[in-house]
Amino acid sequence: MTARDRILSAIRAALPQERPAPDAISAEANALLADPDTSRPRLVAEGLLDAFILKAEAIGTTIDRVGGMEAVPDAVRRYLSGHGLSLSLAVEPAPALTALDWTGLDTGTTLAPDQPAALGKALWGIAESGSMIVHSGADTPILLSFLPLHHIVVLQESDILSHLEDYAAQLAERPHPRNAILITGPSGTTDIEGSYVRGAHGPGFLRVILVASTD
Amino acid sequence: MSAPEASVQVSFKNRAKTALADRTLKIAIDRTTGTAEAKRAVAVAAFPEFQAARARGRAIKDHVIAHLDHYLEQFERNATASGATVHWASDDAEARAIITRICLDAKAKLVTRSKSMLGEEIGLPHALADAGIERVETDLAEHIIQLAGEAPSHIVWPAMHRTREQVAELFKIAHHPPPSADDPATMVQSARRELRAKFLGADIGISGSNFLVADTGATCTVTNEGNAELTTTPPRIHIVTAGIEKIVPTTAHALSLLRLLVRSATGGELTQYTTFHCGPKRPGDADGPEEMHIVLVDNGRTRMLDNEFREMLRCIRCGACMNHCVVYRQIGGHAYGGTYPGPMGSVLTPVLNGLAGSRDLPNACTMNGRCAEVCPVEIPIPTLLRAWRIRSWREKLEPGSLRVGIGIWAVLARRPGLYGLASRVGVRALRLFGKGGWIARLPLAGGWTAHRDLPRPAGRTFMEQYRAQQAHKGSRP
Ligand code: SF4
């Protein structure tokens with residue numbers, strides 16, 4: 001008997017003989033998520049955008065707002081100069097980002113060990129928690145979100161969802177990526193005496209460039 | 001009872017005694033648990049729906065446990081379809097063998113590891129050492145205790161027993177260059193520098209899993225540091241170890257439990273990084289491991305399904321019960337002697353290691369109920385600890401003197417006349433040991449009087465005084 005058989009038969013021996021059909025089990029599981037509003041936090045502001053900004057800032061994310069994608073390189077430049085960093089960064093190889101006019105900035109798609117910043121794109125934001133979502137893919141190396149000290153993320157205002165469940169629904173509609181990541185604030189730790197320190201292994205600074213909806 | 005087991009019994013008491021005498025330990029525990037307790041209270045107060053969320057969390061876990069075989073098979077199908085290899089381990093030895101085999105087959109020299117209590121439970125650190133593989137712990141707290149050669153003392157803050165000064169001592173020796181100061185920020189920077197090369201040079205990354213999502217085959221890690229993704233992305237192989245009770249039906253269920261987990265653990269709302277790992281690198285993916293292995297571990301969990309400890313399978317390992325436990329806060333995690341300390345550990349250690357060697361743990365509880373009050377999935381921990389006490393009694397594991405003592409008490413308690421007589425004699429005899437208002441030393445009660453005095457009793461029993469008072473009242477108009 002394999003370990004798999006031993007484990008499954010031990011479970012079956014302990015559970016009742018009469019078991020519902022798989023469809024009935026799924027229905028029961030779905031029912032457990034009914035009326036989500038009764039057991040999830042309310043948004044901290046009326047609109048999704050305002051709620052997202054309040055939550056993101058509360059956890060140490062900083063925000064810049066621009067009118068369109070073409071304004072992103074300038075916003076990046078502002079950020080880097082504001083932090084006294086060299087005008088050099090890794091840009092995720094996504095066409096929406098690489099197609100922008102990066103004149104005056106030194107950009108590449110990989111992060112050199114001494115390069116302090118990387119720019120990526122979030123698929124969604126979540127107003128409930130100020131989180132942003134990144135999926136791995138051909139033009140989304142996961143390490144670009146973790147290796148730099150400064151992580152800059154472009155997010156469309158129109159991609160802000162209300163609650164975690166709304167993201168789960170989006171995820172369920174498409175093939176699951178290798179990594180689906182919710183990023184909620186800059187990396188931190190409380191491992192030494194419970195005192196909070198930023199930039200443990202991941203980025204110590206998280207900047208969001210919010211791009212206004214064009215319509 | 002055999003001799004080795006008696007020595008374990010002694011050693012819990014000895015460990016607790018040593019811990020109680022350690023003032024630095026007390027300072028370290030107070031700093032972290034105090035902050036954790038305060039932050040959790042704020043997070044719960046800011047979430048009026050917390051109680052409803054708790055009931056939902058409990059229902060989700062109960063549902064999964066009632067259909068555990070169904071969900072495990074569904075998970076296995078989907079994880080396999082994503083390209084991962086699923087392994088099953090009945091116990092810790094099987095789990096260790098599977099993992100070391102994968103490491104040896106891959107000729108791995110360097111393994112990075114992201115904190116997982118299950119890894120500790122199955123003895124992974126020792127197994128890797130025995131196989132001659134260098135293991136680097138990447139969670140900051142695990143890095144600290146690896147340098148100190150210790151086991152975790154808390155399931156969320158494994159190094160909480162160490163003060164910043166003690167951490168600074170360790171880093172000064174181990175880090176090149178050593179940190180320039182001993183404030184937490186400088187030391188965290190130093191660890192960041194020190195571990196960077198390890199992340200990028202590892203052959204295999206090993207992580208635990210907070211949730212196994214049945215309908216996608218993904219495993220979920222949550223960290224504040226970002227070390228899980230740095231552990232699992234660069235190496236060629238990612239190995240996940242997970243207890244079979246970690247399963248949830250869908251991503252939405254996992255996220256709903258996450259709201260409870262993080263608030264209860266650290267008082268945050270979400271951890272900085274919540275990642276669902278689904279299979280190895282896809283064709284065309286920019287990065288990621290080429291192989292992913294998931295080891296599903298039973299190790300006693302199926303034994304809990306049909307007995308009084310089933311509710312413990314709901315545990316999401318948030319650590320709130322230990323942060324709020326008066327005993328844990330006095331003695332810290334190491335005194336418990338098992339992988340899991342505090343109230344939840346006192347329920348689990350007898351399952352994992354046997355009751356005979358760990359029966360002191362369920363006894364070292366004041367039954368104040370704080371753990372059950374804060375548990376985000378409503379586990380009635382005191383009831384479960386009482387269940388162990390009952391078993392311990394039935395299985396005759398208590399020392400003879402205790403059984404005789406309780407036996408005598410039971411004889412008296414069932415005979416009110418005799419009981420009254422015995423108490424009348426008892427209170428008078430006790431007065432003989434007292435000086436002033438207190439008793440500082442008493443035969444057979446050293447466990448009490450070593451640490452505190454016992455009030456010298458009144459010369460008469462409660463019933464004697466009560467009757468006298470009633471008679472007195474009766475005589476008044
Ligand atoms: S028993 Fe409850 S409070 Fe304790 S760790 Fe588990 S879930 Fe958290």
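Side chains included, hydrogens not; waters and symmetry mates left out as well; all remaining heavy atoms used. Residue numbers begin at 1 in each chain, while the letters A, B, ... track the order of the sequences.
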Toward chain B, the part of A/Ala34 with a non-hydrogen atom under 4.5 Å: backbone
Proximity breakdown for A/Pro93 and chain B, heavy-atom pairs closer than 4.5 Å: neither
When rounded to the nearest 0.5 angstrom, what is the spacing between [atom1] in [X] and [atom2] in [Y]?
X        : Y        : atom1 : atom2 : answer
A/Ser131 : B/Gln272 : OG    : CD    : 10.0 Å
A/Ile7   : B/Leu72  : CD1   : CG    : 8.0 Å
A/Ile133 : B/Phe276 : CD1   : CZ    : 9.5 Å
B/Leu270 : A/Thr184 : CG    : OG1   : 4.5 Å
B/Ile65  : A/Leu15  : CD1   : CG    : 10.0 Å
B/Phe199 : A/Leu147 : CZ    : CG    : 9.5 Å

Contact class of [X] relative to chain A, heavy atoms under 4.5 angstrom:
X        : result
B/Ile60  : both
B/Arg310 : side chain
B/Phe47  : side chain
B/Pro280 : backbone
B/Pro184 : both
B/Ala252 : both
B/Glu76  : side chain
B/Ala66  : backbone
B/Ala191 : backbone
B/Tyr71  : side chain
B/Thr33  : neither
B/Ile244 : side chain

Got a salt bridge between [X] and [Y], using NZ or NE/NH1/NH2 to carboxylate O under 4.0 Å?
X        : Y        : answer
B/Asp298 : A/Arg6   : no
B/Arg162 : A/Glu193 : no
A/Glu165 : B/Arg259 : yes

Heavy-atom pairs under 4.5 Å with chain B - which of [options] has more of them than the others?
options                              : result
A/Ile192, A/Ile142, A/Leu182, A/Leu8 : A/Leu182
A/Gly185, A/Gly204, A/Ser195         : A/Gly185
A/Ala13, A/Ser187, A/Ala168          : A/Ser187
A/Ser26, A/Ala180, A/Ser129          : A/Ala180
A/Ala10, A/Ser9, A/Gly137            : A/Gly137
A/Pro203, A/Gly188, A/Gly194         : A/Gly188

Ignoring hydrogens and geometry, is there a side-chain-to-backbone donor-acceptor pair from [X] to [Y] under 3.5 Å?
X        : Y        : result
B/Asp287 : A/Leu143 : yes
A/Asp191 : B/Ala141 : yes
A/His201 : B/Thr138 : yes

Test applied, side chain to side chain donor-acceptor pair (under 3.5 Å); reference residue, A/Ser39; option that passes from B/Arg54, B/Arg56, B/Gln51: B/Arg56
Can you name the nearest heavy-atom pair linking [X] to [Y], along with the distance?
X        : Y        : answer
A/Pro41  : B/Arg263 : CG-NH2, 3.4 Å
A/His176 : B/Ala218 : NE2-CB, 3.8 Å
B/His70  : A/Pro22  : CE1-CB, 3.8 Å

Pick from [options] with the largest number of heavy-atom pairs that fall under 4.5 Å of chain A:
options                                : answer
B/Thr35, B/Thr32, B/Asn224             : B/Asn224
B/Gln189, B/Glu49, B/Arg301            : B/Glu49
B/Thr274, B/Thr302, B/Asp306, B/Asn227 : B/Thr274
B/Glu269, B/His277, B/His253, B/Lys281 : B/His253
B/Thr250, B/Asp285, B/Val86, B/Leu258  : B/Asp285
B/Gly217, B/Ala89, B/Ser256            : B/Ala89

Validation row: [X], [Y] side chains within 4.5 angstrom (heavy atoms):
X        : Y        : result
B/Glu229 : A/Ser136 : no
A/Arg42  : B/Pro48  : yes
B/Asp69  : A/Arg19  : yes
B/His67  : A/Pro20  : yes
A/Ile183 : B/Tyr273 : yes

Worked check of salt bridge (charged side-chain N to carboxylate O under 4.0 Å, His left out) between B/Glu94 and A/Arg4: CA-CA 11 Å; B/Glu94 284 184 16; A/Arg4 180 182 189 278; over 6 Å; no
Polar contact flag, side-chain donor to acceptor under 3.5 angstrom, A/Arg178-B/Ser82: no
Audit row: A/Arg12, B/Glu73, salt bridge (charged side-chain N to carboxylate O under 4.0 Å, His left out) steps and yes/no: CA-CA 12 Å; A/Arg12 290 188 182 121; B/Glu73 286 184 307; 3.0 Å; yes
Passing option when B/Glu225 is tested against A/Thr190, A/Val197, A/Thr189 for side chain to side chain contact (heavy atoms under 4.5 Å, CB included): A/Thr189
Audit row: B/Val188, A/Arg198, side-chain contact (heavy atoms from CB on, under 4.5 Å) steps and yes/no: CA-CA 8 Å; B/Val188 170; A/Arg198 272 210 211 169; over 6 Å; no
